[in-house]
Every structure is written in structure tokens, then in C-alpha cells.
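The structure presented is a predicted model; accordingly, all values stated were derived computationally and were not measured. Proteins get letters first, then strands, A, B, ... in listed order; numbering begins at 1 in each.
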Number of protein chains: 2
Amino acid sequence: MGICLVEMSMPEALTNFCQSCTVRNRAICGDLHDDEINVLNKIGRRRWVEAGEQVLWEGDDAVVVANVIEGLLKLSTQTSEGKEQILGIAYPSDFLGRPFGETTPYGVEALTPALVCTFQRSDFDHFAREHPRLEHKLLERTLSELDRTRRWMLLLGRMNAEQKMATFLLDMADRLVPATCAPMPESNEVMELPLTRQQIADVLGLTIETVSRQFTKLRKEGLIDLPSRRDVRIIDRAGLEALAS
Amino acid sequence: MGICLVEMSMPEALTNFCQSCTVRNRAICGDLHDDEINVLNKIGRRRWVEAGEQVLWEGDDAVVVANVIEGLLKLSTQTSEGKEQILGIAYPSDFLGRPFGETTPYGVEALTPALVCTFQRSDFDHFAREHPRLEHKLLERTLSELDRTRRWMLLLGRMNAEQKMATFLLDMADRLVPATCAPMPESNEVMELPLTRQQIADVLGLTIETVSRQFTKLRKEGLIDLPSRRDVRIIDRAGLEALAS
DNA sequence: CGACCCCTTGATCTATCTCAAAGGGGGTGG
DNA sequence: CCACCCCCTTTGAGATAGATCAAGGGGTCG
């Protein structure tokens, strides 16, 4: 569908990152003209974060927002007792943080090494208000994210463990494809999960043991294969879809 | 906080509803100038819907969007087996529907008699793209709604029935106040729930029996009083907050 | 007055959680 | 290169919160 460029290793001395940004066409900056991009480039800063590194802290004053350029991150929050709920996974071109807000409403942590393009929120807010095309892109993205989040509410509130797992696996299979430049959904392709069993549990509102048992169950039923801890091969997509219903 | 006008019963012969709209200052049209409002007024249509009446159907082509002027509505979706999950409650000044999208992602049904200001989505999209101030308001509203929805994910995924109920009651107490023009949170004020027990269950991802038992439990513990089916008096707000944690 | 709907309460069942212990797999240090 | 260790995962056994099934109560409306 979209053009999927291989990242060029540019000499980092080049100051205008945006010109060579691999996600520019998909991210919210995609509709800006070159002169506008140049202004945005001046207020943004690229940063690599390691897997496991925290990028945004829940409850902090919302001082930075960011665009994901490469890698995967998780958005999460927790109860006062420390039970975690993962609110979503951020993929390349996704937007992070809370523009026009006082506090960051969720924590963000890298699941893989990730490259993010960060902005001071005040700079970003100011720029956005002056560039309706950027605000429009952000609006479309936020509306889509709201739809996705609401669909996940149905999973959390009304599905059993089996339905949750099937839905999760299909969702990952769909979303991981564009993120990894893979060809079209070869149903029997192996996908590498960016999440541990515990993190999958935190996405689905389950415990790690239940997730593990469901993996085993789906494998024994011949719907999936588990070549290694992190890898899953979907053998019977239609079967999973029937479970996810 | 905000000014809370008593709705004037205007002669409906007046064609420019916007000029006297009780939610105009709070809704997304709030920042428009008079001439812009006049254009918007021409493409919008006011409509009363009865309690129980469906306004938007999940999965339909997204042909209309709307603003809530008066009354309360529920947004909901369901599993293929028919289990319902309520995704949120829409209050006066809230926005309904999916601008810039193909299909309506959730159903909308009035909980009370409600007055909505509807637009053909194509008209609205067109108008919005030409009026950045309106798009900005819509963006802010969508961002807030996303935050709220994500907070609810923590409830659905990681809270037990007691925590869900306490959180629900506190949330309703907070949100019902501005909607009903009541004075400041007189903690011992009775609030009239706009939801049946079944609908509360559908908000919280529980069954009606569990909701009923939790109501009884909270009443016996002296945290709330239940003067009638639909009425709740919060007796011990701090106690509820401790449970909601 | 009766029917209907919504709500409450009780009894039982079960999906999932909790607690516990035993595999691997991969990396590190000897 | 091997062995050990650590962490993640799997599996088992038992406990339990909430679901399910069932029955009865009470308010409201025709």
C-alpha cells in the first residue's frame, strides 16, 4: 500500500532531519510545505531510546510530545496497587503525548530500540495552532486512535480469555506488517511479538499464567505455532477469526 | 465554573438556533464568529429524540454527525454474541459521530429525551476543513475524550467489581453536576442516575446481578443511600474514593 | 387490578486468579 | 567452550470473584 523506505544512514551532521524522515509521509507533518517543515525541524529533536527506557511519565507536567520514527513503544497506566494496563502500542509515525494539556495522561516506554522526534509541548502547541494542516492530521490520527481504543474496551469488558487472545494475535499480525516492511499478509509468516507474556497480559487485562495457557491451548488446537518465545506463526487465520468473532 | 444558562423556550419559528443555543459557549462551535455561525446554522438541523431512541447505528455509513444540546445519550457496541459494552455517555455540548471517516464506529441511543444538532457529515467535514478554529475545538475535545476512554480501560481491565462501582459513582457525581445546573458538589445531594442497572453493568463490564449486589453492599456499609431505583446519595465520598483508589 | 418490567437476593458453577514449582534459553564469566 | 545463572515461561493445584440460573418483590401504567 504505502511506500516503505529503507532507512538511510545519513551523516548525523545533517541538521534537517525532516527532509529524510522515513515516516514523514505518514506522520502528522506529512502535509506541511518545505518551508513549514524547516521551522518544525528547528524546534524538534531526534533521540534514540533503548528498549525498556521510559520516554514519558504518567502524571508529569506535559512538557514534551513526540513522533515515533522507528521502533515500538507501549502506553500504559496502573492502579494504585500497581496493576498495569497497557493502553496501546505506538508504531512508527504515531504521535505521543498530550498536546494542549496540562499533564501526561499515561506512561510511555520503548519496547524495542526506538527513534523519536521530540518537541517541547509549548513549541509544538504554538506551531500547531498556526498550521491548520498539521492540526487536521493530528485530529484524524486522534479520531482513529479513539476508535481503536473504544474497540479495545469491548475486548476488555466483554470478551473471555480465548476471544481476547485471538483478537490480540490478529491485531498484531495486521499491525506488525506495515511496521516491518514485510510483504502482504503471508498467513504463514512468522511474526515476532514485541511483547513479553506479562506485557500481553497487561494489554488484555489477564494474568501471565492465563496468557501462557491460552497460547498452549491455541497451539494444541493447531491454530498457531510457537517456534520460540517471541515468535508466533498463525496457521489457521480463519479459525482465529471465528474465535475472535 | 462556567456560566450555566437556563434554557429559554424560544419560539421555534426563529430559524437561527445557534444564536440562542444553550451549549454554544461550550460546544465546538464556541469560537466561531457570528457570520461563520450563520453558515453552520444553515447546514445544521435540530431534532428531539425520545429516551430509548437510536440516533446513530454502529457500522452504518457515517452520514451524520451531531452536537448534543440537551439530554444524555449512550455510545455502545456489542460482541457478535450480543453482549453490550457502553463506551461512554454523551452530555450536553458533546460531539457525536465520526467526522472524516467512512463508518460510524458505535451506536448512539438517547438515555433521556435529548435535543441534538445534526449535520450531514459531508457538509460538516467541508465546513470544518475551512474553519481551523472549529477543528481546533474538535481536536481538544477528541483528545480529552481519548484520555477519558483510556482511563476507563484501566477500570475495565484491572479493577474488581467494588472498585468499578466506586469509580463509576464518583464519575457520575462529578459529571452530572454541570449537566444539571446544580450548585457545587453538595456531597449529600441526591443524583438521579440516567442508567438502568443493566446499563451500569454494560458500562462497567459486569452483570446486572453483580451491580445490584454491589449497590446493596455499599449501602449496607453506609457509603451511599438508595432512596429509589434511580437515585443515589453519596454519604461518604472519601470512603468511595478510598475504594476507587 | 393485573401485567410488565426492573431490581434484588439466593444457590451454584466456573473461568480466571493465585500460589507454587519446575523447565528452558541465552548471555556471561571463568 | 562450557557451566552456571537469571529471567521468562510453562504447568499444576487450589481458591475465589463474578457469572449463571432461578425465584421472588415492588413500582408503574394501562
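- Sorted by first and then second residue, the salt bridge (Lys or Arg N to Asp or Glu O under 4.0 Å) pairs involving residues 145-157 of chain B (not counting sequence neighbours) are A:R98-B:D147, A:E145-B:R150, A:R150-B:E145, B:R148-B:D171.
- Boundaries of the chain A contact region on DNA chain C are C:dT16 to C:dG24, first to last in 5' to 3' order (nucleotide atom under 4.0 Å from a heavy atom).
- With a heavy-atom cut-off of 4.0 Å to chain B, the contacted part of DNA chain D has its first and last nucleotide at D:dG18 to D:dG26.
- Listed by residue number, there are no residues of residues 159-167 of chain B with a heavy-atom contact under 4.0 Å to DNA chain C.
- Annotation: salt bridge (Lys or Arg N to Asp or Glu O under 4.0 Å) contacts involving residues 206-218 of chain B, sequence neighbours excluded, comprise B:E162-B:K217, B:K217-B:E221.
- Sorted by first and then second residue, the salt bridge (Lys or Arg N to Asp or Glu O under 4.0 Å) pairs with a member in residues 48-57 of chain B read B:R47-B:E53; sequence neighbours excluded.
- Rounded to 10°, the angle separating the first-five-pair axis and the last-five-pair axis of the helix from C:dC1-D:dG30 to C:dG30-D:dC1 equals 30°.
- Under the salt bridge (charged side-chain N to carboxylate O under 4.0 Å, His left out) criterion, B:D225 pairs with B:R233, not counting sequence neighbours.
- Only one option out of A:V203, A:L156, A:L75 pairs with A:Q85 in a side chain to side chain contact (heavy atoms under 4.5 Å, CB included); it is A:L156.
- For B:Q78, there are no side-chain hydrogen bond (donor to acceptor under 3.5 Å, both in side chains) partners two or more places apart in sequence or in a different chain.
- Residue pairs meeting the side-chain hydrogen bond (donor to acceptor under 3.5 Å, both in side chains) criterion with at least one member in residues 54-63 of chain A, sequence neighbours excluded, are A:E58-A:T77.
- Residues from residues 216-228 of chain B that place a heavy atom under 4.0 Å from any atom of DNA chain D: there are none.
- Residues passing the side-chain hydrogen bond (donor to acceptor under 3.5 Å, both in side chains) test with A:K83, sequence neighbours excluded: none.
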